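Data first, discussion second: the structure below is written as structure tokens.
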Amino acid sequence: MLQVQFIRDHKDEVIKKLAIRNIDAAPMIEKVLSLDEERRGVQTKLDNTLAESNKLSKEIGNLFKSGKAAEANEMKAKTAELKESSRELSEKLNETANELTELLYKIPNVPHPSVPAGNSDEDNEEIFREGEVPELYEGALPHWELAKKYDIIDFDLGAKITGAGFPVYKGKGARLQRALISYFLDKNTAAGYEEYQVPHMVNEASGYGTGSLPDKEGQMYHVGADDLYLIPTAEVPVTNFFRDVILNESDFPIQCTAYTPCFRREAGSYGAHVRGLNRLHQFDKVEIVRIEHPDKSYEAHEGMIEHVKEILRDLKLPYRILRLCGGDLTFTSALTYDFEVYSTAQERWLEISSVSNFETFQANRMKLRYKDADGKNMLAHTLNGSALALPRVLAGILENYQTPEGIVIPEVLRPYTGFDIID
RNA sequence: GGAGAAAUGGCAGAGUGGUCGAAUGCGGCAGUCUUGAAAACUGUUGAGGGUCACACCUCCGGGGGUUCGAAUCCCUCUUUCUCCGCCA
């Protein structure tokens, strides 16, 4: 969430920049400012009341000590009124503060200056394209047909034991999946990211920390009996390592990577675009997360982009990079680059990575700070990206590497798979 | 799952109703001394709100209560430890 102080100091700028997201934020911002003013007013009144009753309490204590019980008891009577008004004031304070926080939760991050205006994914800006789209032979198939033909992914079996969108990987399919995970993790750790294995469920506070709550409440699976959420991405547990943490400047850069399954309800998705591996309720992903000094975060962001590029080059998959427009930018992000791999048989682009800089938006919710040179606590910047999401990479490999003889395994994966063709 | 114990500042650890935001030690930072460093000594060292700056207010795991007054008493939740049970 945005800092109230920042909104106070940059009101017009915030409104102007949120317009890039097609949001008329002026009414909300005005409300924030008036609530904030109200909150501070009530706070001051409450403070004064408490100060007075603290003073009285001390005096009463002193009177008792010096044996003047009668005077002390007389004074006690005076405190009742103060108590009553401080009770009222603190209720009022709570109300106002809660209202303010709830409102702040509804205001998305301010986009970076480079974010283009726009309404939907059609307005995203392609900034880079690389890799050759292979000429497919006559009779080439989409990945879900290939999965069936070579018996490497069983969607029906998954539907039987769990439901639609929970595939079962078999044989060489399962092995390829594991190869990709290992390859990604090795690649990330070689680039300086420390590997973690994390819980696949998180508590409510973590959900709020990264912004999955309350904005995406309905998208997460909730385990009611224990009030836990299945993670939609490793970003949530990993970034929350740093919730309520004050770092030293020397701790930067912090680079983490983690493989986890990701669980998404995807309520409202339907149709041909969710076929096969295109959109699942459970999928595997290797995530990279960075915690950075504000001065270095965009440099780090570029570094993450280069890193993901390198992986896709290794895999020799045709891909492009988009700079997301204001309308397509996720709630918490200031700047996001999407990587899309070309699905040759479907003749469409599939998102396989989303690399974002959240600046202080998550850090403010999480109270993730560092001590600067003057000893002041400042909010850090958080970033993350996929490196990479498995199913669509797998779809890309199956479709782009298909031959009449079978599916050729990309060179870099062979040490991990132990075979070079699926036939 | 059952029984018991505990949770205090970066760490260790005092504090059982009043002047305690909290002794002491370690660590960190600054200074003195030194060619430099170490040692020694001196000072300093939590977070949030608020203010031009002070004042002032809040925070001793979380929430609630008793009291004029709570780190200290009561209730509740969470977590950790010990013992028993169960178990990959």
Side-chain angles (χ1 to χ4, degrees), chain A residues 1-9 32-104 197-209 213 222-229 237 240-252 254 291 360 362-380:
Chain A
M1 82 187 151
L2 298 175
Q3 296 170 84
V4 178
Q5 186 65 51
F6 183 82
I7 296 176
R8 249 197 272 171
D9 297 343
V32 165
L33 292 177
S34 75
L35 278 172
D36 177 51
E37 204 178 328
E38 189 184 344
R39 201 213 87 231
R40 279 181 292 145
V42 176
Q43 175 81 255
T44 305
K45 274 191 207 161
L46 175 64
D47 286 357
N48 291 337
T49 309
L50 288 174
E52 205 174 322
S53 69
N54 284 346
K55 217 172 90 189
L56 277 180
S57 292
K58 269 180 197 166
E59 284 174 29
I60 291 171
N62 286 334
L63 287 174
F64 272 123
K65 242 180 211 169
S66 49
K68 297 173 183 163
E71 279 178 56
N73 284 320
E74 200 175 307
M75 220 173 222
K76 270 194 197 180
K78 282 208 230 165
T79 61
E81 199 180 318
L82 285 172
K83 239 181 143 178
E84 179 55 27
S85 71
S86 71
R87 189 189 297 270
E88 277 168 23
L89 284 166
S90 84
E91 247 170 58
K92 175 83 180 149
L93 180 67
N94 259 329
E95 256 170 54
T96 314
N98 286 341
E99 203 182 331
L100 178 59
T101 307
E102 269 169 43
L103 184 57
L104 284 169
Q197 284 204 22
V198 299
H200 299 164
M201 291 193 262
V202 292
N203 56 30
E204 193 180 42
S206 295
Y208 275 96
L213 290 172
H222 182 232
V223 182
D226 297 288
D227 198 18
L228 295 170
Y229 293 86
N240 273 285
F241 290 169
F242 303 96
R243 173 152 46 84
D244 286 317
V245 165
I246 300 177
L247 298 161
N248 294 311
E249 273 189 321
S250 59
D251 294 330
F252 295 124
I254 291 173
I291 313 294
T360 59
Q362 293 181 327
N364 189 37
R365 283 194 181 184
M366 284 194 290
K367 293 199 169 59
L368 161 50
R369 293 163 294 178
Y370 68 94
K371 258 191 205 310
D372 73 6
D374 302 326
K376 281 186 69 176
N377 293 329
M378 307 294 287
L379 292 172

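The sequence lines fix the lettering, A, B, ..., with proteins before strands; numbering per chain opens at 1. Keep in mind that this is a model prediction, so the values were computed, not measured.
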Name the residue closer to the 5' end of RNA chain B, choosing between Q43(A) and S53(A) according to the nucleotide with the nearest heavy atom. Q43(A)
Quick check on RNA chain B: between I246(A) and R40(A), whose nearest nucleotide comes earlier from the 5' end? I246(A)
Inspect the contact between R39(A) and E99(A) and indicate whether a charged nitrogen and a carboxylate oxygen are less than 4.0 angstrom apart.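 No salt bridge links E99(A) with R39(A).
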Classify the nucleic acid contact of [X] as base, sugar-phosphate or nothing, counting any heavy atom under 4.0 Å across all strands shown.
{"X": "N48(A)", "value": "nothing"}
{"X": "K371(A)", "value": "sugar-phosphate"}
{"X": "L50(A)", "value": "sugar-phosphate"}
{"X": "N54(A)", "value": "sugar-phosphate"}
{"X": "S57(A)", "value": "base"}

d(CD, E249(A); C1', G28(B)) in whole Å: 16 Å
Rounded to whole angstroms, how far apart are NZ on K78(A) and P on G69(B)? 15 Å
Going by modelled atom types, is there a donor-acceptor pair between the base of G49(B) and the side chain of D47(A) at under 3.5 Å?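 Under the 3.5 Å cut-off, the side chain and the base do form a donor-acceptor pair.
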Using the [atom1] atom in both, what is the distance from [N] to [M], to the nearest Å?
{"N": "G50(B)", "M": "C56(B)", "atom1": "C1'", "value": "8 Å"}
{"N": "G21(B)", "M": "A70(B)", "atom1": "P", "value": "11 Å"}
{"N": "A55(B)", "M": "G46(B)", "atom1": "P", "value": "15 Å"}
{"N": "C26(B)", "M": "G43(B)", "atom1": "P", "value": "14 Å"}

When you measure from the side chain of N203(A) to the backbone N and O of S206(A), does any donor-acceptor pair fall under 3.5 Å? yes
